[in-house]
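First up is the structure itself, then whatever we jot down about it.
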Amino acid sequence: MLAMAAYRLGFRTHIYADEGGPAFDVTARSTTGSYDDLERIATFAQSVDVVTYEFENVPVAAAYHAQRWAPVRPGPRALAVAQDRLQEKQFAWELGLAVHPFAPVDSEADLRSALATIGTPAVLKTRHLGYDGKGQARIAALQDAAAALASIGRHSAILESLVTFAFEVSVLTVRGVAGEIVHYDVPRNEHAGGILSRSTVPSLLPAEHVAEACRIGARAADALDYVGVLTVELFYCPGAKDHFLVNEFAPRVHNSGHWTLDACHVSQFENHIRAIAGWPLGSVERHSDAEMLNLIGADVLDWQRIAADPTTALHIYGKNDPRAGRKMGHLTRLSPRRAHRAAK
Ligand SMILES: Nc1ncnc2c1ncn2[C@@H]1O[C@H](COP(=O)(O)OP(=O)(O)O)[C@@H](O)[C@H]1O
Ligand SMILES: [Mg+2]
């Protein structure tokens with residue numbers, strides 16, 4: 001989607017990935033190589049004017065290496081913060097953003113003492129490489145500790161208290177090279193089995209809470225001297241002192257912003273490309289109300305019915321195998337924009 005957005009603006013893309021995938025079908029050039037192959041990464045970086053990444057598990061060393069030949073936007077520090085759940089929470093906390101209680105866990109003894117401070121229910125998460133709820137285990141009571149640690153493979157982990165929130169939202173912040181910032185409307189996100197299933201705009205957050213959420217995104221983006229789209233996932237707790245708790249950062253365009261393709265003048269993908277290219281940022285205005293539904297696994301097999309619905313935009317990613325839990329595409333249902341109504 002980034003490559004397609006870039007193409008529309010007259011850019012040609014060169015994609016580097018450790019294996020071929022749908023993006024290779026829509027790019028002028030591609031290189032398959034390991035993210036640890038610094039020589040190949042150097043050759044790649046010399047062939048482009050600017051480097052970006054669209055998933056947070058590119059090794060930080062690869063990003064630093066690429067930076068010797070081309071600007072890497074967002075910078076490697078954003079990558080380092082987002083790929084380690086412990087650094088991520090510490091970063092938010094040091095910025096003065098509200099986060100729920102957390103503690104590092106490297107052994108069963110750590111886990112027991114963390115549970116003693118944080119209490120139950122809690123969630124144990126691997127520090128690295130988790131996504132779509134993978135690498136997580138919920139802990140209802142102290143005696144689940146050993147099983148939880150075993151189930152995440154005894155990796156370095158973080159324990160978090162399980163938050164009771166009203167709902168989840170995300171902030172999609174776009175920051176340009178000169179530090180200018182715009183935000184998309186804040187979507188309300190629903191998950192099923194740890195995987196995003198639906199994003200809705202408007203979220204029905206009161207306007208002052210939308211503004212508060214956006215300030216969190218701006219704070220983080222400024223602190224990282226960020227260029228591009230930064231996503232912050234938040235838990236919304238309207239009755240609490242802090243209305244939002246920071247769940248995680250994604251240093252990239254985000255699934256909860258896919259509705260911007262069809263409901264906004266300029267999508268998150270185009271604005272990411274504009275930002276990293278040093279262009280003026282585009283309008284983030286939302287011209288329609290929208291509901292984005294992920295097509296997970298076999299959901300995509302329903303494409304004929306979805307394609308026949310005139311209110312719906314269908315996106316299929318061209319992945320071969322509709323395995324259970326795999327994001328195969330999404331649809332966005334559009335309706336005329338209504339006046340803002342806040343949730344009770
Ligand atoms: N501490 C928590 N309290 C309550 N729910 C949580 C907590 N951590 C994660 N979740 C739920 O699990 C989902 C996925 O977890 P997340 O930390 O965002 O990992 P990832 O998206 O990388 O898999 C969240 O969006 C939320 O619904
Ligand atoms: Mg998440």
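Everything quoted here is computed from the prediction, not taken from an experiment. Counting starts at 1 for both ligands and their atoms, in listed order. Computation of the quantities below employed the complete heavy-atom set of this structure, encompassing side-chain atoms and omitting hydrogens, waters and symmetry-equivalent molecules.
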### Message
So, using salt bridge (charged side-chain N to carboxylate O under 4.0 Å, His left out) as the criterion, who are the partners of R40 when residues are at least two apart?
### Response
D37

### Task
Determine whether E56 and F249 make a side-chain contact, defined as any pair of heavy atoms from C-beta on separated by less than 4.5 Å.
no

### Task
May I ask you to identify the nearest protein heavy atom to atom 20 (P) of ligand 1, giving residue, atom name and distance to one decimal place in Å?
E248 OE2, 3.3 Å

### Query
Does CG belonging to D49 count more than 12 external heavy atoms closer than 6.0 Å?
no

### Query
Considering V163, N189, V123, which one's heavy-atom position lies nearest to atom 3 (N) of ligand 1?
V163

### Message
Taking only non-hydrogen atoms of R138, do any sit less than 4.0 angstrom from ligand 1?
### Response
yes

### Task
Could you tell me the residue and atom name of the protein heavy atom closest to atom 23 (O) of ligand 1, and the distance to it rounded to 0.1 Å?
G133 N, 2.5 Å

### Task
Identify, by atom number and element, the atoms of ligand 1 in contact range of H100, meaning under 4.0 Å from any of its heavy atoms.
1 (N)

### Query
How far is atom 17 (O) of ligand 1 from its nearest protein heavy atom, and which residue and atom name does that atom have?
K125 NZ, 2.6 Å

### Summary
among protein heavy atoms, the one nearest atom 5 (N) of ligand 1 is F165 CE2, 3.6 Å

#### Entry: Numbering as shown, the atoms of ligand 1 that approach G130 to under 4.0 Å (heavy-atom distance)
22 (O)

#### Entry: Candidate pair E160 and R85, rule salt bridge (charged side-chain N to carboxylate O under 4.0 Å, His left out), full reasoning
CA-CA 10 Å; E160 299 177 12; R85 291 190 195 276; 5.5 Å; no

### Message
Quick check for you: to the nearest 0.5 Å, what is the distance between K319 atom NZ and M328 atom CE?
### Response
6.5 Å

### Message
When you compare the side chain of F244 with that of E212, does any pair of heavy atoms fall below 4.5 Å?
### Response
yes

### Query
Can you list the ligand 1 atoms lying under 4.0 Å from a non-hydrogen atom of E233?
18 (O)

### Query
Within a reach of under 6.0 Å around CD of E39, are more than 12 heavy atoms found that belong to other residues, nucleotides or ligands?
no

### Over 12 non-hydrogen atoms of neighbours within 6.0 angstrom of OH in Y7
no

### Summary
Of all protein heavy atoms, the one nearest atom 6 (C) of ligand 1 is F235 CZ, 3.6 Å

### Query
ligand 1 versus D132, non-hydrogen atoms closer than 4.0 Å: side chain, backbone, both, neither?
backbone

### Query
Relative to the heavy atoms of L162, which atoms of ligand 1 are at a distance of less than 4.0 Å?
3 (N), 4 (C)

### Query
Judged by non-hydrogen atoms, does S161 sit under 4.0 Å from ligand 1?
yes

### Task
List the closest protein heavy-atom neighbour of atom 19 (O) of ligand 1: residue, atom name, distance to the nearest 0.1 Å.
Q136 NE2, 3.0 Å

### Task
Decide, counting backbone as well as side-chain atoms, whether E248 has an N, O or S atom less than 2.8 Å from the Mg ion (ligand 2).
yes

### Task
Name the closest protein heavy atom to atom 24 (C) of ligand 1, giving the residue it belongs to and the distance to 0.1 Å.
E168 OE1, 3.4 Å

### Task
Using the rule that two of Ile, Leu, Val, Met, Phe, Trp, Tyr join whenever any of their side-chain heavy atoms come within less than 4.5 Å, decide whether F24 and I41 are in one cluster.
no

### For the Mg ion (ligand 2): the N/O/S atom of E233 at shortest distance
OE1

### Message
Below 30° counts as parallel, above 60° as perpendicular, anything between as tilted: where do the rings of F269 and H258 land?
### Response
tilted

### Query
Given the rule in the salt bridge (charged side-chain N to carboxylate O under 4.0 Å, His left out) test, do D144 and R138 qualify, once you have shown the distances and angles that lead to the verdict?
CA-CA 9 Å; D144 305 342; R138 299 218 169 170; over 6 Å; no

